[in-house]
Amino acid sequence: MLRMKNVHKTFHPGSVNEKCALAGVDLTLKPGEFITVIGGNGAGKSTLLNIIAGVYPVDRGTIALDGVIINESREHVRAKYIGRVFQDPMMGTAASMTIEENLALALRRGRRRGLRWGVTKKERDYFRGQLAQLELGLENRLKSKVGLLSGGQRQALTLLMATLVRPKLLLLDEHAAALDPKTAVKVMELTDRIIRTQGLTALMVTHNMRDALKYGNRTVMMQDGKIILNLPEEKKKKTSVDDLLKMFEEVTGNTVNNDRMLLA
Amino acid sequence: MYFTIFLGTMEQGLLWALMVLGVYITFRVLNYADLTVDGSFALGGAVAARLILGEIDPWAATLVAFFAGGIAGLITGILHTQFKIAPLLSGILSMIALYSVNLRIMGKANISLLRLDTVITGVTRLGVEEKWAALVIGIGAAVLAVILLWLFLNTEIGFALRATGDNGQMIRSLGVNTNAMKILGLSMSNALVALSGALVAQYQSFADIGMGIGTIVIGLASVIIGEVIFGANSIMRTLAAVVLGSLVYRIVIAFVLQLGLEPTDLRLFTALIVTVALASPVLKAKVQRCFFLGRSETGAENEKCA
Ligand SMILES: Nc1ncnc2c1ncn2[C@@H]1O[C@H](COP(=O)(O)OP(=O)(O)OP(=O)(O)O)[C@@H](O)[C@H]1O
Ligand SMILES: [Mg+2]
């Protein structure tokens with residue numbers, strides 16, 4: 001499915017702001033695999049997802065999707081295969097457009113857009129059914145502007161949009177982190193349900209160690225732009241949050257000094 | 001006499017409304033402050049005037065002006081998307097370059113169209129009374145533009161264009177080339193602006209190298225006035241509001257001229273309207289803060305909002 005080999009990315013090379021964000025990442029996802037990614041602030045998690053999505057090009061190394069190297073293909077071209085949900089609930093939707101317009105945009109991911117109607121009657125009915133599954137009552141608000149929704153509702157909608165056309169790969173970047181704890185739990189459970197019922201291949205970044213262990217079939221830990229730990233499914237089941245913290249200390253040689261990671 | 005002034009005001013409002021619709025596309029839909037407008041308005045006038053002078057059919061001349069404006073927008077779009085020049089600067093570069101281009105096209109600083117065939121004389125020959133000719137053209141063009149824009153903004157590409165202005169990162173992740181959308185929007189916008197310039201030149205019977213100066217500010221003023229007075233709930237509503245905004249703007253101008261404002265002060269006046277409109281959210285917040293502080297806190301707090 002996804003195969004990354006020795007991927008490097010440095011921001012602002014050669015300047016005082018030079019920052020190596022990815023320092024040789026190797027990562028392979030098998031079809032149907034759901035990987036959770038953890039790591040401290042600035043470890044390179046978001047950069048990893050952005051570079052897979054094509055937001056910026058790689059400096060070195062290769063990224064292949066289904067055996068095809070996609071290094072050169074641009075973000076909107078890769079979008080055909082990739083669904084995304086961002087950390088910021090504002091990022092995944094167009095606030096000034098209605099719920100049905102946003103969904104209609106998502107329904108056309110990977111398709112040629114032309115001068116046909118942007119949204120049709122048939123699609124509206126389909127959206128209503130899909131929205132009903134979120135159990136947020138959004139199915140009755142197709143004509144509401146998305147800007148009027150709460151952060152949790154927007155994230156749930158973004159999740160639906162990212163998976164409306166089945167993506168080969170779903171990228172989730174701490175998509176529950178900005179929500180209040182109760183809503184975050186709901187969104188995480190919705191995520192898990194969608195990924196499992198559709199059998200999606202997914203990469204989910206989280207700050208929450210418990211979530212990282214609870215969901216998915218593999219957990220990787222990042223530090224300084226590298227993957228420093230890989231917990232396969234069997235091991236993951238037997239690992240507790242405390243174990244994970246100890247592993248982190250062993251591998252990096254220092255204690256976890258990250259409140260968000262500890263508190264989670 | 002009042003009737004003549006009123007009629008003239010309506011005619012101007014409608015003919016300039018096409019330009020305002022163009023500004024709406026960039027400023028509101030694309031969220032892009034495009035200064036090309038000043039150059040492309042004059043470009044439309046210059047192209048149409050030069051071609052009409054060369055005895056080209058005025059309808060064809062107007063159409064060529066429309067496409068010339070589209071090319072101007074295309075160039076601004078390329079400067080911004082391909083060479084990563086900031087939106088404001090891309091527009092300024094096009095605007096300045098167009099000044100020279102327009103002089104080249106006209107061959108001199110102004111062209112008179114008196115006693116030449118224009119689309120307005122063309123309409124009278126279709127049986128419309130001379131008095132109403134400009135109004136008929138204005139209404140026809142504005143209504144047609146509003147309907148076509150409404151249809152377009154409700155197509156798949158129209159959706160993608162709107163999403164590009166709203167949230168570029170999001171719509172790229174849904175597979176849209178936002179650079180292409182920006183170029184498309186800028187072209188459409190400036191094509192409309194140039195069309196407006198072409199019609200205005202024929203309406204006033206001359207094209208002038210300076211006729212575009214301040215166009216962007218008139219456009220912004222009209223868009224803002226329209227949205228504030230007539231609302232911006234749906235696309236159809238906003239498009240109609242923007243056209244009506246253009247009319248209201250002309251009425252306001254006619255009114256202050258009647259009150260004795262010097263015509264040369266009009267641009268200052270228009271800039272003031274836009275400034276007040278753009279500053280109004282900040283001003284409103286300030287006023288509200290003073291109001292609430294004044295009620296809940298001691299008098300000393302009040303000085304903070306001065
Ligand atoms: N666009 C950018 N330009 C410059 N530097 C960047 C950019 N994006 C990320 N960086 C830098 O690269 C490093 C890795 O950032 P990244 O956002 O990938 O970390 P992260 O693991 O997602 O952290 P967090 O948990 O805080 O989200 C950081 O030092 C960051 O400052
Ligand atoms: Mg991050």
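Note on naming: letters A, B, ... go to the chains in the order of the sequence lines (proteins, then strands), and numbering restarts at 1 for each one. This is a predicted model, so every value here is computed, not measured.
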| message | Quick check for you: among G114(A), G92(A), G110(A), S96(A), which has the greatest number of heavy-atom pairs under 4.5 Å with chain B? | response |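 If we count pairs closer than 4.5 Å to chain B, G114(A) comes out on top.
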| task | Select, from K80(A), R78(A), R116(A), the one with the greatest count of heavy-atom pairs under 4.5 Å involving chain B. | result |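 Top count of heavy-atom pairs under 4.5 Å with chain B: R116(A).
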Chain B heavy atoms under 4.5 Å from [X]: which part of the residue, side chain, backbone, both or neither?
X: K143(A); value: neither
X: T93(A); value: backbone
X: A162(A); value: neither
X: V119(A); value: both
X: I82(A); value: backbone
X: R84(A); value: side chain
X: A106(A); value: both

| said: Taking CZ in F11(A) as the centre, count heavy atoms belonging to other residues, nucleotides or ligands within less than 6.0 Å. Is the count above 12? | reply: yes
| R128(A) atom CZ, over 12 foreign heavy atoms within 6.0 Å | yes
Rounded to the nearest 0.5 Å, what separates atom [atom1] in [X] from atom [atom2] in [Y]?
X: M170(B); Y: M161(A); atom1: CE; atom2: CE; answer: 3.5 Å
X: R108(A); Y: I171(B); atom1: CZ; atom2: CD1; answer: 11.0 Å
X: I157(B); Y: R113(A); atom1: CD1; atom2: CZ; answer: 9.5 Å
X: E100(A); Y: F159(B); atom1: CD; atom2: CZ; answer: 7.0 Å

| Among the listed options S234(B), G165(B), A163(B), the residue most often paired with chain A at heavy-atom distances under 4.5 Å |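 The option with the most such pairs is A163(B).
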| field | Side chain proximity check, H76(A) to V176(B), heavy atoms < 4.5 angstrom | value | no
| With A60(B), which residues qualify under side-chain contact (heavy atoms from CB on, under 4.5 Å), at least two apart? | I56(B), D57(B)
| query | With no hydrogens and no angle check, is any side-chain donor or acceptor of N167(B) less than 3.5 Å from a backbone partner on A94(A)? | reply |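 Side chain of N167(B) to backbone of A94(A), a donor-acceptor pair under 3.5 Å: no, none is there.
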| said: Does anything in residues 15-37 of chain B reach chain A? List residues with heavy atoms under 4.5 Å apart, or say none. | reply: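 The stretch does not come within 4.5 Å of chain A.
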| remark: Checking heavy-atom separations under 4.5 Å from chain A, one finds in residues 144-155 of chain B W150(B), L151(B), F152(B), N154(B), T155(B)
| Shortest non-hydrogen contact from M97(A) toward D166(B) |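 Residues M97(A) and D166(B), closest heavy atoms: N-OD2, 4.2 Å.
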| note | Closest non-hydrogen contact found for A79(A) with S173(B) is CB-O, 3.4 Å
| Who in residues 68-75 of chain A is close to chain B, using a strict under-4.5 Å heavy-atom cut-off? |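 The stretch touches chain B at R74(A), E75(A).
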| request: I would like to know whether F86(A) and Q169(B) meet side-chain contact (heavy atoms from CB on, under 4.5 Å); could you show each step before the answer? | output: CA-CA 10 Å; F86(A) 306 89; Q169(B) 173 65 68; 3.9 Å; yes
